[in-house]
Q: 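The structure is given below, and queries will be raised subsequently.
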2 protein chains.
Amino acid sequence: MVMADDPPRRQPTLEAVAELAGVSRSVASRVLNNAPHVSQVKREAVERAVRELAYVPNPTARALATRQTGAAALVVSGEDPSIFADPFFAQVIVGASAALEEADLHLMLCLAATDRGRRRVEELLRGKGADGVMLMALRENDPLARTADEAEMPVVFGGRPVGSAPRWYVDVDNTGGAREATEYLLSRGRTRVAVICGRLDTEVGRARYRGYQDAMLAAGLEPFPPNEGDFTEPSGAAVMAALLLQHPDLDAVFAANDNMAAGALRTLREAGRRVPADVAVVGFDDLAAARMADPPLTTVHQPIAALGRETARMLAALIHGETPTPLILPTHLVRRASA
Amino acid sequence: MVMADDPPRRQPTLEAVAELAGVSRSVASRVLNNAPHVSQVKREAVERAVRELAYVPNPTARALATRQTGAAALVVSGEDPSIFADPFFAQVIVGASAALEEADLHLMLCLAATDRGRRRVEELLRGKGADGVMLMALRENDPLARTADEAEMPVVFGGRPVGSAPRWYVDVDNTGGAREATEYLLSRGRTRVAVICGRLDTEVGRARYRGYQDAMLAAGLEPFPPNEGDFTEPSGAAVMAALLLQHPDLDAVFAANDNMAAGALRTLREAGRRVPADVAVVGFDDLAAARMADPPLTTVHQPIAALGRETARMLAALIHGETPTPLILPTHLVRRASA
DNA sequence: GCTTCCAATGGGAGCGCTCCCACTCCCCTT
DNA sequence: AAGGGGAGTGGGAGCGCTCCCATTGGAAGC
């Protein structure tokens with residue numbers, strides 16, 4: 001006969017610690033939670049027992065008892081999972097992760113791309129699988145917005161969704177950044193400043209176009225109509241080509257993000273236009289790639305890691321019962337060679 | 001008098017569902033878990049009750065009872081949190097997330113950069129805060145390797161750690177890829193093929209140098225000594241500059257990743273060497289940036305999303321009690337203009 | 001010296017679910 | 001006709017923790 005094939009050597013429990021320390025579970029629990037009403041002697045006894053047994057509290061049991069999971073979810077929506085492959089999100093995560101760590105919260109990452117994924121997120125929200133949620137990259141009329149709203153759980157938006165402004169959000173000053181970029185182009189004497197928009201079904205896309213528009217109108221110039229790209233390099237190249245055809249005399253272009261600016265640069269190069277001599281180009285995002293572009297891209301820097309950090313901080317505050325206020329992070333122009 | 005300020009309107013429980021459906025908790029539980037031994041009538045009654053109450057099972061309670069959290073952790077080690085900002089990880093995550101979704105597992109992301117972060121990971125492992133772990137980017141002698149080993153929990157390594165090969169891992173054929181890249185350079189008639197290594201305290205760095213070495217030796221050529229960069233663009237530029245000084249006659253260079261290749265390209269350009277006419281350059285990784293480099297970079301493609309996907313799949317298999325075998329994913333050369 | 005108060009303590013009732021097990025029928029063998 | 005087997009069912013004991021509450025005893029207040 002063999003031994004039982006499943007040696008149930010389980011983790012020690014609080015009960016075991018208490019017993020070894022010669023105290024009750026209550027006292028042991030208090031020591032672990034750093035709560036008052038424990039004598040120094042027993043406190044030390046418990047600490048010794050914890051060390052001896054290499055005890056680690058079971059987070060699940062604690063979660064059940066306290067009704068707090070100790071986790072925050074970062075939900076990235078969008079039909080295409082590869083939207084997430086954008087280094088943008090990696091940066092956001094670095095920031096969010098750091099802030100969450102400070103608040104002693106774990107990070108659950110949910111890419112709600114497929115139907116199944118969305119359903120799982122929904123269950124997470126409604127089943128209280130996390131203490132709070134950060135919602136990013138929601139599309140127009142995203143059903144997740146409603147679910148999040150109904151779930152009785154703190155929700156912070158990273159970047160405002162299209163249309164309504166939620167109760168709590170952290171966003172970047174897209175309009176201001178776009179305005180600054182356009183004004184800069186104007187200040188360099190350019191007058192025929194074209195624009196390559198991002199998707200206009202996103203708030204980012206709209207806000208950046210708005211900033212461009214503001215600056216043009218303020219300068220008494222006619223803004224170009226919104227030529228829509230989809231934030232990718234090829235779309236930037238395509239829109240640039242179309243622009244060149246319709247307005248051969250343009251002398252500058254503001255692209256709503258760096259990827260599209262890179263595409264524009266490529267088209268311009270292929271068309272034999274010199275940058276910035278013939279056409280000045282400004283992007284938005286200040287990705288690593290912007291620095292390495294040829295020529296290095298003048299672009300609007302946005303604090304991506306800070307966006308993640310502040311979103312997470314706001315969520316943590318909410319979870320702790322505080323009432324933070326929405327936040328808009330500043331952007332600033334980084335001058336390089338392309339404009 | 002005001003009403004109680006904390007309306008404890010709680011989620012309905014299984015108990016409530018059972019009561020509404022006129023069955024016992026056991027039966028309701030069976031229905032929810034799709035278990036047998038339930039009559040059709042009661043099954044439907046329970047389903048109706050679930051809908052009526054908009055019942056969602058509490059994952060925490062389930063986790064406590066089953067001793068399964070339903071989550072897998074992806075731990076990214078490394079002293080510098082920004083290592084994670086590398087688009088590499090974003091890709092890995094997309095793959096892992098998809099595979100985890102299929103296995104109905106949630107993704108917990110842990111960036112173990114700070115001491116506090118490492119401690120939290122340790123607690124996660126030892127406290128059974130997840131059903132399994134994927135470990136990536138471990139450094140030499142990383143204490144996490146031991147903790148993971150001791151934790152009685154499935155562990156899969158994404159990329160082998162330096163030195164020991166763990167029981168379960170998914171890796172990319174770094175040596176084969178580097179060999180292929182070098183062979184290609186050789187086959188184009190280059191004979192003075194230099195190398196820019198990655199950090200040699202990582203297995204990736206070593207394996208890629210090994211591949212380069214193999215190819216050189218097989219061709220009867222003297223391999224260059226390992227000139228170590230740290231996988232960043234500036235380090236590639238610096239090593240390239242040093243190389244040019246010591247070996248002005250070199251006619252090709254294999255860089256252990258695309259970032260360093262980009263740096264090399266920059267140095268070469270500044271030194272007035274034409275690529276590929278004077279010096280051919282091959283990178284490794286096939287990042288998006290490689291395509292946009294000037295000239296577009298010939299590089300070794302590695303299936304990053306697949307790495308994430310397979311790592312997650314292996315972990316899921318382990319969690320389900322299966323016994324998978326380690327996996328090495330193929331790489332292949334992508335020919336572009338730089339070589 | 002006697003009440004008053006509060007720090008210290010441990011018992012016990014949950015938190016919401018799973019799962020073992022005992023029990024009842026009912027159908028199908030021999 | 002008696003027995004076995006299994007499907008269907010519900011009760012109850014956990015899972016490991018927190019937290020309320022009753023109890024104790026010694027210090028402080030009068």
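The structure presented is a predicted model; accordingly, all values stated were derived computationally and were not measured. Sequence lines set the chain letters: A, B, ... in the order given, protein chains first and strands last, and positions in each chain run from 1. Side chains included, hydrogens not; waters and symmetry mates left out as well; all remaining heavy atoms used.
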Q: Is any side-chain nitrogen or oxygen of Thr13(A) closer than 4.0 Å to OP1 or OP2 of dG16(D)?
A: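 No.
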Q: Looking at every strand, decide which applies to Pro36(A) at a 4.0 Å heavy-atom threshold: base, sugar-phosphate, or nothing.
A: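 Pro36(A): no heavy atom of the nucleic acid under 4.0 Å.
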Q: Take the protein atom CD of Glu15(A) and the nucleotide atom C1' of dG11(C), then report the distance between them rounded to whole Å.
A: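 After rounding, the reported distance stands at 11 Å.
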Q: Grab the CD-P distance between Gln68(A) and dG16(C) for me, whole Å please.
A: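 Whole-Å distance recorded here is 14 Å.
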Q: Rounded to whole angstrom units, what separation is found between the CG atom of Leu32(B) and the C1' atom of dG16(C)?
A: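 One finds 12 Å between C1' of dG16(C) and CG of Leu32(B), rounded.
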Q: Select one nucleotide: of dG8(D), dC17(C), dG10(D), the one nearest the side-chain heavy atoms of His37(B).
A: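 So the nucleotide nearest the side chain must be dG8(D).
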Q: Rounded to whole Å, please give me the gap between CD in Glu19(B) and P in dC17(C).
A: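 About 14 Å, once rounded to whole Å.
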Q: Quick check: any donor-acceptor pair below 3.5 Å linking the side-chain of Arg10(B) to the base of dG16(C)?
A: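 By the distance-only test, no, there is no pair.
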Q: Can you measure Gln40(B) atom CD to dT9(D) atom P for me and round it to whole angstrom units?
A: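 From Gln40(B) CD to dT9(D) P: 11 Å.
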Q: Using atom OH of Tyr55(A) as one end and atom P of dG16(D) as the other, report the distance to the nearest whole Å.
A: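 Whole-Å distance recorded here is 10 Å.
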Q: If you find the nucleotide of DNA chain C closest to Arg25(A) and the one closest to Thr66(B), which residue's nucleotide is nearer the 5' end?
A: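 This one resolves to Arg25(A).
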Q: Given dT9(C), dC17(D), dG8(D), identify the nucleotide with an atom nearest to the side chain of Ser39(B).
A: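 Output: dG8(D).
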Q: Side chain to side chain contact (heavy atoms under 4.5 Å, CB included) with Met134(B): which of Val92(B), Val75(B), Thr311(B), Val76(B)?
A: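 The residue from Val92(B), Val75(B), Thr311(B), Val76(B) that satisfies side chain to side chain contact (heavy atoms under 4.5 Å, CB included) with Met134(B) turns out to be Thr311(B).
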Q: What's the verdict on salt bridge (charged side-chain N to carboxylate O under 4.0 Å, His left out) for Glu150(A) and Arg146(A), showing C-alpha distance, side-chain angles and the deciding distance?
A: CA-CA 6 Å; Glu150(A) 286 166 6; Arg146(A) 274 205 50 197; 2.3 Å; yes
Q: Between Arg313(B) and Glu310(B), does at least one N-O distance fall below 4.0 Å, as a salt bridge requires?
A: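 Result for this pair is yes, salt bridge flagged.
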Q: With DNA chain D as reference, determine whether Val38(B) or Arg62(A) sits nearer its 5' end, using the nearest nucleotide of each.
A: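 Between the two, 5'-proximity favours Val38(B).
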Q: Return yes if some donor-acceptor pair links the side-chain N/O of Arg118(A) with the main-chain N/O of Ala112(A) below 3.5 Å, else return no.
A: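 Answer holds: yes.
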Q: I want to check one thing: is the phosphate of dT18(D), taken as OP1 and OP2, less than 4.0 Å away from some side-chain N or O of Ser29(A)?
A: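 True: Ser29(A) side-chain N/O within range (under 4.0 Å) of dT18(D) OP1/OP2.
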Q: Measuring only between side-chain heavy atoms, which start at C-beta, is Val46(A) closer than 4.5 Å to Val17(A)?
A: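 Counting from C-beta outward, Val46(A) and Val17(A) do come under 4.5 Å.
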Q: What's the NZ-C1' distance between Lys128(A) and dG16(C), to the nearest Å?
A: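 Atom NZ in Lys128(A) sits about 14 Å away from atom C1' in dG16(C).
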Q: May I have the distance from Asn58(B) (atom CG) to dC17(C) (atom C1'), rounded to whole angstrom?
A: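 Answer to the nearest Å: 8 Å.
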Q: Determine: side-chain N/O of Lys42(A) to OP1/OP2 of dT9(C), distance under 4.0 Å, yes or no.
A: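 True: Lys42(A) side-chain N/O within range (under 4.0 Å) of dT9(C) OP1/OP2.
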Q: Could a donor-acceptor pair under 3.5 angstrom be found where the side chain of Arg67(A) meets the base of dG16(C)?
A: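 No such pair is found, so the answer is no.
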Q: Any side-chain N or O of Asn33(B) less than 4.0 Å from the OP1 or OP2 oxygen of dT18(C)?
A: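 Answer is yes, contact under 4.0 Å.
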Q: Between Asp104(A) and Arg120(B), is the closest basic N to carboxylate O distance under 4.0 Å?
A: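 Yes, Arg120(B) and Asp104(A) are salt-bridged.
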Q: Is it the case that the base of dG11(D) and the side chain of Ser26(B) share a donor-acceptor contact (distance under 3.5 Å, atom types as modelled)?
A: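 Counting by modelled atom types and ignoring angles, a donor-acceptor contact under 3.5 Å is found here.
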Q: Thr60(A) or Val27(B): which one's nearest nucleotide on DNA chain D is closer to the 5' end?
A: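 Taking each residue's closest nucleotide, the earlier one in sequence belongs to Val27(B).
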Q: Closest approach to the side chain of Leu14(A), judged atom by atom: which nucleotide of dG10(D), dC17(C), dC17(D) is it?
A: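 The nucleotide sitting nearest to the side chain is dC17(D).
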